[in-house]
There are 2 protein chains.
Amino acid sequence: MSSPAPKDSPPTTERGRQRRDALLDAAQRLFLEHGYGQVSVNDIVAQAGGSLSTLYRHFGNKEGLFQAMIERRSHHIYDTLTAEGVDELPVEAALQRLGIDLLIKVMDEETLGIYREVVAESPRQPPLARLFFDGGPGRVRQALADYFERRMQRQLMPACDSVELAGIFLGMLLGEWHLIRVLQLESPPSRAAMEKRVERCADLFLRGAMADRTE
Amino acid sequence: MSSPAPKDSPPTTERGRQRRDALLDAAQRLFLEHGYGQVSVNDIVAQAGGSLSTLYRHFGNKEGLFQAMIERRSHHIYDTLTAEGVDELPVEAALQRLGIDLLIKVMDEETLGIYREVVAESPRQPPLARLFFDGGPGRVRQALADYFERRMQRQLMPACDSVELAGIFLGMLLGEWHLIRVLQLESPPSRAAMEKRVERCADLFLRGAMADRTE
DNA sequence: CTCAATGTGTAGTGTAGACTACACTATCTT
DNA sequence: AAGATAGTGTAGTCTACACTACACATTGAG
């Protein structure tokens with residue numbers, strides 16, 4: 001009786017798409033700046049222009065809007081992270097290029113904001129967690145694992161669980177830095193500092209992971 | 001005019017301490033299970049017994065209660081992580097012991113709950129972030145860095161920034177695993193799986209970090 | 001005994017905010 | 001021209017909840 005069917009309307013008309021995007025843009029700005037719980041749907045409509053009814057037509061409810069915006073955003077962010085042409089580079093260079101690109105993205109204030117909101121809301125909205133992970137961090141890990149896989153096939157590195165290895169590399173890259181920025185305990189590191197970190201990590205990782213494991 | 005002075009009352013009487021603790025216990029259970037925003041102060045009083053007035057006398061407001069409970073908790077959790085006697089072990093064993101202890105703590109549902117709540121609330125309550133970091137993750141990193149420092153003094157490993165190195169090791173240890181558990185995307189890993197992870201990380205780390213860096 | 005501090009219980013107050021109702025308009029298609 | 005489809009705008013309902021007020025109990029010190 002009272003299942004209002006949260007609409008997932010594919011926008012048919014051009015005008016519709018514009019209005020929908022305007023709502024998503026406003027939601028993004030406000031949610032990331034003030035937090036999901038602190039922003040009212042009215043605030044969003046005020047920011048976007050347009051009308052409350054439209055918001056509900058498109059997204060069904062506040063959660064629907066939130067999920068749509070997270071999905072759009074995590075896809076967009078990580079779409080710009082490509083592993084193009086990385087196979088032609090020496091390993092060190094490859095890891096460094098991927099590493100610095102990733103680090104910059106991840107330390108970006110917008111990405112941090114999304115992370116905070118997803119962590120905060122995921123216990124109440126489990127689908128959100130998958131949406132975010134598969135669209136973002138999970139994809140990066142997979143891309144790196146694929147790279148390792150190709151190298152293994154070419155006998156360029158010892159065989160092992162490529163996904164786990166990718167996770168380890170990414171973990172050491174972010175390390176404490178991510179938490180420190182998530183909690184805003186220090187100001188953002190400079191580009192130079194990030195490059196130094198990446199170099200250090202890639203170096204340590206290569207020594208550790210590429211050697212034959214013959215014990 | 002309207003600064004009600006969030007009290008930080010040191011409880012004078014024994015009865016007072018009991019009531020205060022009961023409130024903190026209830027707050028902990030409810031906040032960690034449902035989230036700060038979803039729990040009302042009335043819920044907490046209902047759970048703790050006692051009265052709303054007492055809550056406000058002790059903590060001033062809802063935020064005060066939250067901060068008191070986070071502080072108590074993050075201290076308690078990491079207090080049980082000791083680096084006792086680790087200097088007498090071979091490095092591999094030392095890293096493995098510290099690693100497995102830490103991993104178990106960090107993957108524990110209570111610890112994850114605190115992490116989620118702190119991440120969620122820290123933008124609105126910055127002091128919280130420091131409280132948590134310095135009482136928890138920061139202390140662990142420092143303890144590990146101190147250990148490295150001692151080894152460097154004894155020429156047992158090449159000199160370098162010990163704090164950064166500690167961060168790298170801890171980062172690779174947690175890697176994706178932490179996020180996956182924070183978002184509840186997979187069920188908790190078995191003790192055996194954690195041990196395997198620690199071994200792998202310690203091994204990779206030692207190969208990479210302990211070798212002389214003569215380039 | 002008494003008085004001061006602390007705890008209890010109830011019953012508000014004020015506000016914010018998610019969601020709905022409804023009457024109206026713009027656009028497009030055939 | 002007509003009617004379907006989508007957007008607008010306002011006003012309102014209903015509920016949840018942080019925080020306060022106030023009158024009453026308990027305890028313990030001197």
Side-chain angles (χ1 to χ4, degrees), chain A residues 1-27 30-31 33-69 117 121 124-125, chain B residues 1-27 30-31 33-69 117 121 124-125:
Chain A
M1 284 302 160
S2 57
S3 54
K7 291 151 198 176
D8 207 350
S9 71
T12 62
T13 144
E14 174 56 20
R15 177 116 187 275
R17 230 190 42 74
Q18 281 181 6
R19 298 287 68 214
R20 193 188 142 98
D21 281 356
L23 285 168
L24 284 172
D25 289 344
L30 294 175
F31 282 151
E33 184 170 348
H34 300 107
Y36 179 74
Q38 332 303 313
V39 172
S40 79
V41 287
N42 287 308
D43 294 339
I44 291 168
V45 170
Q47 176 88 208
S51 110
L52 193 53
S53 325
T54 308
L55 188 156
Y56 278 91
R57 205 192 313 286
H58 278 304
F59 304 103
N61 55 24
K62 196 187 179 188
E63 288 192 359
L65 172 60
F66 189 57
Q67 289 186 21
M69 106 72 172
E117 293 308 308
E121 287 307 308
R124 255 93 50 201
Q125 308 184 44
Chain B
M1 289 299 159
S2 56
S3 54
K7 293 152 198 176
D8 207 349
S9 71
T12 62
T13 143
E14 174 54 23
R15 178 115 186 272
R17 232 190 41 75
Q18 280 182 7
R19 298 286 68 215
R20 194 187 142 98
D21 281 357
L23 286 167
L24 284 172
D25 290 345
L30 293 175
F31 282 150
E33 184 169 348
H34 302 105
Y36 179 75
Q38 332 304 313
V39 172
S40 79
V41 287
N42 286 308
D43 294 340
I44 291 168
V45 170
Q47 177 88 207
S51 110
L52 193 53
S53 326
T54 307
L55 188 158
Y56 277 91
R57 206 193 311 285
H58 278 304
F59 304 104
N61 55 26
K62 194 186 180 189
E63 288 191 359
L65 173 59
F66 188 56
Q67 290 188 20
M69 107 68 172
E117 293 309 307
E121 287 308 308
R124 255 93 51 202
Q125 307 183 44

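Order of the sequence lines sets the chain letters (A, B, ...), proteins ahead of strands, with each chain counted from 1. The structure presented is a predicted model; accordingly, all values stated were derived computationally and were not measured.
The distance between atom CG of A:Leu23 and atom P of D:dA6, rounded to the nearest whole Å, is 15 Å. Rounded to an integer number of Å, the gap from CD of A:Gln18 to C1' of C:dA26 is 14 Å. The separation between B:Lys62 atom NZ and D:dC17 atom C1' is 8 Å, rounded to whole Å. Here the P atom of nucleotide D:dA25 and the CZ atom of B:Arg19 are 19 Å apart, to the nearest Å. Atom CG of A:Leu52 and atom P of D:dT10 are 12 Å apart (whole Å). For the pair A:Asp21 CG and D:dG7 C1', the interatomic distance rounds to 15 Å; values are reported in whole Å. The distance from atom CD1 of B:Ile44 to atom P of D:dC19 is 11 Å, rounded to the nearest whole Å. Nucleotide C:dT6 holds its P atom 16 Å from the CZ atom of B:Arg17, rounded to whole Å.
Map A:Val39 and A:Ser53 each onto its nearest nucleotide of DNA chain C; the residue landing nearer the 5' end is A:Val39.
Closest approach to the A:Tyr56 side chain among D:dT8, C:dT8, C:dT20 is made by C:dT20 (side chain taken as heavy atoms from C-beta onward). Checked against C:dA18, C:dG7, D:dA21, the side chain of A:Asn42 finds its nearest nucleotide in C:dA18. Taking every side-chain heavy atom of A:Thr54 into account, D:dG7 is the closest of C:dA21, D:dG7, C:dT10.
B:Arg17 CZ to B:Leu24 CG: the interatomic distance, rounded to the nearest 0.5 Å, is 10.5 Å. Summarising the geometry, atom CD1 belonging to A:Ile44 is positioned 8.0 Å from atom CG belonging to A:Leu23; distances are rounded to the nearest 0.5 Å. The NE2 atom of A:His34 lies 9.5 Å from the CZ atom of B:Arg124; values are rounded to the nearest 0.5 Å.
Using a 4.0 Å heavy-atom cutoff across all strands shown, B:Val45 reaches no nucleic acid atom at all. Residue B:Ser40 is in sugar-phosphate contact alone, with no base atom involved, counting any heavy-atom pair closer than 4.0 Å across all strands shown.
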### Message
Checking A:Phe59 against A:Met69 for the side chain to side chain contact (heavy atoms under 4.5 Å, CB included) test, could you report, in this order, the C-alpha distance in whole Å, the side-chain angles of both residues, the deciding distance, and whether it holds?
### Response
CA-CA 10 Å; A:Phe59 304 103; A:Met69 106 72 172; over 6 Å; no

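For C:dT6, the OP1/OP2 oxygens have no side-chain nitrogen or oxygen of B:His58 closer than 4.0 Å. Between B:Arg57 and C:dG7, a side-chain N or O to OP1/OP2 separation shorter than 4.0 Å is present.
Both the sub-6.0 Å distance and the 45° axial angle are not jointly satisfied by A:Lys62 relative to the ring of A:Phe31.
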